[in-house]
Amino acid sequence: MRQIIAIAVLSLLVQLVFPWWSLAVVSFAICCWRSPGAGRAFVYGFVGVGIVWLLYALMIQLRTDGVFVGRMSELLFKTNGGVLPVLVTTLVSGLVGGLAGVAGFFVRQASGNQIANRIS
Amino acid sequence: MRYAKASLFVILTVLLVYALNRPWGVVPAFGPLLSPFVGFWQNAETTEAADEELILKGTRAPVTVVFDDLAIPHVFAQNDRDAYFAQGYLTARDRLWQMEFQTHAAAGRVAEIVGDRALELDRYNRRLGMGFGAERSVKAMLTDPRSRESVEAYTAGVNAYISQLSPAQYPLEYKLLGYKPEPWQAIKCAYFLKYMSGVLALGADDLNMSNVLRRIGPAATADLFPDYPFREDPIIPVGTSWDFKPVAVPATPPNAFTSSEPLAMKWPDHDPAIGSNNWAVGPQKSATGYPILANDPHLSLSLPSIWYQMQLVTPTMNVYGATMPGAPGVIIGFNKQVAWGVTNVGADVLDFYQIRFRDASQREYWHDNRWKPVTRRIERIKVKGQADVIDTVLYTHHGPVMYMAGQKPFAKNVPVGYAARWIAHEESNDFLTYYLLDRAKNHADYREALRYYGAPAQNFVFADVARDIAISPNGRFPLKWKDQGKFLLDGTNPAHDWQGWIPAAHNPHVKNPPRGFVSSANQSSTDPTYPYYINWQFAPYERGVRINQRLARMQQATPDSLRQLQNDNMNVRAANALPVFLNYVQTQKLTGQQPKALAVLKAWRYTNDVSEIAPTIFTEWTRQCMDAVWNDNFPNNDSTTLRYPSFDRTLQLAEKDPSASWFDDVNTPARETINDVLTQSFRAAVDSLTRQHGPLGTSWQWGKHKATRISHLARLDALSALNVQIGGGNGIVNATTERTGPSWRMVVALGPKPRAYGVYPGGQSGNPGSPHYLNMLETWRTGQLNELLFLLSADEKHARIRRRVTIK
């Protein structure tokens, strides 16, 4: 849980300044620092990163009337609706975050953080 | 093993990020596009309500911008320079992608953005000499201190906006297409003008007419393609006397109209629906005793909206109207004293000259009995994802040789091996006309402003608070012998050159005609008494005559009377043609849906209203009828391209000469009569509509059949307005066709304080994520107008004012 919060907060902060993919660096770093297993690392990364994109996208959609998001849905997914853009946005960020988290875990494992590994 | 896993997942992550961070063909880069931090989400706007202070450091004194409820800016500046700076800044803020894309297109730089699928388009624009013309225009613009100040300040304003943009704030289209804005330059304003000339002054039937001449000979050509229509109601009223002594017109050279070699290219008809209406009623016809003026320019309807409304107030002017993104000043509008509007003239200002090169090296060409040097202009076309393409364009004194034999042309109206002589290649300072109109106080100022105008030639309508009304088909017109350029010209013979200009003061004009109104709808500029040649064909007279009939009857006119006329759906073509055509239909031969369709046509009151079915049938029938009459005589094939005579000439034949042999289909042994042609084409039209829409019923309604579309400039349906239900049509005063229509409607009532109304199909913002992207569409569709808020000072109170922005 701590990792999820850390990934969410840090990824939000770095994305205010750096390109979108900086979220992968954050997820990687946090899971490299502390993660008990590949599956958990994926969840940390997916949820930590995805929740930020999900909430930010939802906030924008609710603040505007949704007409534009419908148009974008039509443009990108050939179907008019507000759900799909939010869903795909969340999934894309989550996948990148999750994969980066798994990579972070395995690097942690490989880089001789042996004791931590044995404990976990 | 541990290392392998670690490496694998690191590589997988990097690959995923890489894949999401780049576009794949037409699929945009999904990572940055979907990011709520920088992607399309950032373009979702809400209505701004708070006042704002912008520190741009580009103005000499603070500028106050008042925004009304439609997000239209009213700019109050203490000097002209600051006003144009603010115009550039505000226009870029709402329309940056549009203004850059249009000027990129004119400059032949679309391949830079979308890759090699735009290469032929770019090559075409460059060979047309768009760059050549823009370079000459910008020179003229920067020579006059007035236009120089406005263009430079406008440029600085646009750049003040671009320079502070972060990628998250880029307009949506940059994110979709994956590129970024570049700094604006003065020459882009000139490119914008060339873009408009490309839309409005690129009509040339020279090639097809030469092929017609070769096929049917001079006598039949003159008979079927006359220089003045059967039915006409010219812009300058018949009987107006010319208040000048004409200069000598060059003599028609011998053998001027002998036809050349056959040329094999298909001709895209220049869209007859691109035109416009304008008119002004004089004091004797108006309820207030002051003139009222109306204008609606018809263009390819597109989004972001073609026009951008703005009010500009400085110590030298207070002008309100429609501006064009990319051009400083107001193009169609009004101030306290005057109002003006424009429609296209359609002058013959693009001609093609056959060039005789000395040899295959193409370094010299024959002209005036000697060899003259060809100059070469290197065009370097950048192509996204590929190496630059170098194109060498040959220039003669006529102009660029657009395509050499054997090269594949893009627009099929350009003959192989011919040089294009085009008005847009001339050095001219067209902005100065608008600069002066924005500040005009009376008729004399209007006449002075028109002197500077080059292209695309426009019918400038005018009205002022001193109760004068006027109109003038105006632009720079080459001084030609009659019909010079109706056919392809001989590039070796100096008698075929453009040999001077019609003096600006001799351009057709009329002030306060006895009938009490002036008007134009792209029809013939004058009757045949005008001593100069402007063109041999103009837009059909139907819109013009309908406007004139209604204005002639109009008394006690108000802005609403003019608004109603702008929405008039009377189909004059049908009113003229149906009483003639229906006589020839052999009813005994009709089957299935055909008798029902005939009954619908017979009961029709000739209005192209949205729920009528008859306009659908009539439109399809006339199309099929023209093919049935003319396709056998003027077939297009691989070796030659031809064109049909006009509908006006066809109807004249049906009325005056129904036994003409043209009605016979030469491809059949039988001799067809006009009865056969009209009956056959009627049956074919109804059958075709039945296949398309099913049995005759509500699905045949004009609005549904026409399905007007307002298309996004990048042709993205999701960002367009599709299937807009509206009446009107081609040749109707309400000239809304499938793709074209009134891109701006304006009515101005002059008086102690001008009252004005206007609307366009779209909104102020070019951002599809803005509430102001399409908010005026419904008002436009239903034929209503918004009152235009004409403010006298920045402090003025009005219920429609929403916010104030100070630019420092």
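Worth saying up front: this structure is predicted, and the values here are computed from it rather than measured. Reminder, nothing fancy here: chain letters follow the sequence lines and each chain counts from 1.
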**Q.** Atom group of Thr89(A) that falls short of 4.5 Å from chain B, counting heavy atoms
**A.** both

Q. Relative to chain B, which segment of Ala100(A) carries a heavy atom at a distance below 4.5 Å: side chain, backbone, both, or neither?
A. both

Q. CZ of Arg40(A): more than 12 outside heavy atoms within 6.0 angstrom?
A. no

Q | Proximal component of Val49(A), with respect to chain B [non-hydrogen, under 4.5 Å] | A | neither

Q. Highest number of heavy-atom pairs under 4.5 Å with chain A: which of Gly39(B), Pro36(B), Gly769(B)?
A. Pro36(B)

**Q.** Reported CG-to-CZ distance for the pair Leu12(B) and Phe106(A), which is rounded to 0.5 angstrom
**A.** 11.0 Å

(Q) Tell me which of these, Val14(B), Leu176(B), Thr46(B), Asn21(B), has more heavy-atom pairs under 4.5 Å with chain A than the rest. (A) Asn21(B)

Q.
side chain to side chain contact (heavy atoms under 4.5 Å, CB included), that's the test. Do Arg71(A) and Leu774(B) meet it? Break it down for me.
A. CA-CA 12 Å; Arg71(A) 281 184 182 279; Leu774(B) 263 176; 2.9 Å; yes

Q: Find the one option among Val17(B), Val10(B), Leu8(B) whose heavy-atom pairs under 4.5 Å with chain A are most numerous.
A: Val17(B)

**Q.** Selection from Leu54(A), Thr64(A), Val52(A) maximising heavy-atom pairs under 4.5 Å formed with chain B
**A.** Thr64(A)

(Q) Tell me whether the count of non-hydrogen atoms from other residues, nucleotides or ligands lying under 6.0 Å of CZ in Phe18(A) goes above 12. (A) no

Q. Looking at side-chain heavy atoms only, is the closest gap between Tyr773(B) and Val67(A) below 4.5 Å?
A. no

Q: Could you look at Leu15(B) and say if it's the side chain, the backbone, both or neither that has a heavy atom under 4.5 Å from chain A?
A: neither

Q) What pair of heavy atoms forms the shortest contact from Val86(A) to Trp41(B), and how long is it? A) CG2-CH2, 3.7 Å

Q) Can you check side chain to side chain contact (heavy atoms under 4.5 Å, CB included) on Leu33(B) and Leu76(A), steps first, answer last? A) CA-CA 10 Å; Leu33(B) 184 65; Leu76(A) 299 175; 3.8 Å; yes

**Q.** side chain to side chain contact (heavy atoms under 4.5 Å, CB included) assessment of Val107(A) paired with Phe9(B)
**A.** CA-CA 9 Å; Val107(A) 168; Phe9(B) 277 92; over 6 Å; no

Q) Pro19(A) versus chain B, heavy atoms under 4.5 Å apart: side chain, backbone, both or neither? A) neither

Q | Flag side-chain contact, heavy atom, 4.5 Å: Leu20(B) against Trp21(A) | A | no

Q) Atom NZ in Lys5(B), atom CZ in Phe105(A): separation rounded to 0.5 Å? A) 8.0 Å

Q) Can you tell which of Val38(B), Ile11(B), Val27(B), Leu719(B) has the highest number of heavy-atom pairs within less than 4.5 Å of chain A? A) Leu719(B)

Q.
Between Leu16(B) and chain A, with a heavy-atom cut-off of 4.5 Å, which part of the residue counts as in contact: side chain, backbone, both or neither?
A. side chain

(Q) Does Phe40(B) form a side chain to side chain contact (heavy atoms under 4.5 Å, CB included) with Leu75(A)? I'd like the steps, not just the answer. (A) CA-CA 11 Å; Phe40(B) 76 83; Leu75(A) 182 71; over 6 Å; no

Q) With no hydrogens and no angle check, do the side chains of Gln109(A) and Tyr3(B) hold a donor and an acceptor under 3.5 Å apart? A) no

Q.
As an exercise, state the distance from CZ of Phe37(B) to OH of Tyr56(A), rounded to the nearest 0.5 Å.
A. 6.5 Å

Q: Using side-chain contact (heavy atoms from CB on, under 4.5 Å) as the criterion, point out the one residue from Asn43(B), Leu34(B), Leu172(B) that pairs with Met72(A).
A: Leu172(B)

Q: Grab the two heavy atoms, one from Trp53(A) and one from Gly31(B), that are nearest each other, plus how far apart they are.
A: CH2-O, 3.7 Å

Q) Hey, what do you get for OG1 (Thr13(B)) to CG (Leu99(A)), rounding to the nearest 0.5 Å? A) 3.5 Å

